[in-house]
Amino acid sequence: MENIALRVNIEGKDDKVATDWSAIMATLKKRGVEYGALLKIHAELTAGLKVTTRGLTLAKMNPKMTLAGVIREYQGRGRDSLGMR
C-alpha cells in the first residue's frame, strides 16, 4: 500500500487534520481493523471516496484540485460581451 496524503475528521469535531496513510493505518490497527479491511479502505481512498470507520472520516487530499480557474473573475468588456447593446 502506497502512502497517500489524507484529510481526516474526527467524529464529533469540526476540525480537519492533514495526515498520511501510514499514520492512519497504525491508528486503525490499534483500533482493531484487520489487514483485509485496511486494504479495502486504502483502495476506496485511492479511488477518491470518503471512508468513515472507527470514529474517523477519511478522504484523499488531491493537491491537483484547486479552485483556481474554477471560480474566476469576469473579464468581459461591458454590455457587449453579455450580448446586450
Side-chain angles (χ1 to χ4, degrees):
M1 290 182 272
E2 71 179 61
N3 198 16
I4 53 177
L6 298 173
R7 176 77 62 189
V8 179
N9 180 267
I10 300 170
E11 190 173 299
K13 307 252 181 176
D14 290 331
D15 298 333
K16 293 184 174 106
V17 178
T19 188
D20 62 15
W21 174 249
S22 296
I24 290 299
M25 185 172 70
T27 299
L28 292 175
K29 280 182 181 179
K30 287 179 186 175
R31 294 183 182 191
V33 178
E34 295 179 5
Y35 187 75
L38 290 171
L39 285 173
K40 181 180 176 192
I41 292 168
H42 186 271
E44 291 173 348
L45 290 169
T46 302
L49 301 174
K50 283 186 182 178
V51 178
T52 300
T53 183
R54 304 290 201 265
L56 302 172
T57 300
L58 313 169
K60 180 180 175 183
M61 284 201 303
N62 188 350
K64 295 178 186 174
M65 181 186 291
T66 62
L67 292 179
V70 174
I71 303 172
R72 60 177 185 247
E73 287 186 34
Y74 174 68
Q75 300 292 325
R77 298 178 311 260
R79 296 174 63 94
D80 289 338
S81 62
L82 295 174
M84 304 167 79
R85 294 178 195 245

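Scope of the values below: all heavy atoms of this structure, side chains included, with no hydrogens, waters or symmetry mates.
The side-chain hydrogen bond (donor to acceptor under 3.5 Å, both in side chains) analysis of residues 47-61, with sequence neighbours excluded, yields the pairs Thr52-Thr57.
Note on Met25: it clusters hydrophobically with Leu39, by side-chain heavy-atom contacts below 4.5 Å among ILVMFWY residues. A single hydrophobic cluster is not seen to contain both Leu45 and Met61; linkage of ILVMFWY side chains at heavy-atom distances under 4.5 Å, directly or through other members, places them apart. Leu49 and Met1 fall into different hydrophobic clusters, defined by Ile, Leu, Val, Met, Phe, Trp and Tyr side-chain heavy atoms under 4.5 Å apart, directly or through other members.
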Using a 3.5 Å cut-off and no angle test, enumerate the donor-acceptor pairs between side-chain atoms of residues 2-11 and protein atoms at least two apart in sequence or in another chain.
| from | atom 1 | to | atom 2 | distance (Å) |
| --- | --- | --- | --- | --- |
| Asn3 | OD1 | Trp21 | N | 3.0 |
| Asn3 | OD1 | Ser22 | N | 3.0 |
| Asn3 | OD1 | Ser22 | OG | 3.4 |
| Asn3 | ND2 | Asp20 | OD2 | 3.2 |
| Asn9 | ND2 | Lys13 | O | 3.2 |
| Asn9 | ND2 | Asp15 | O | 3.1 |

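The CG atom of Leu28 sits 6.5 Å away from atom CG of Leu58, with the distance rounded to the nearest 0.5 Å.
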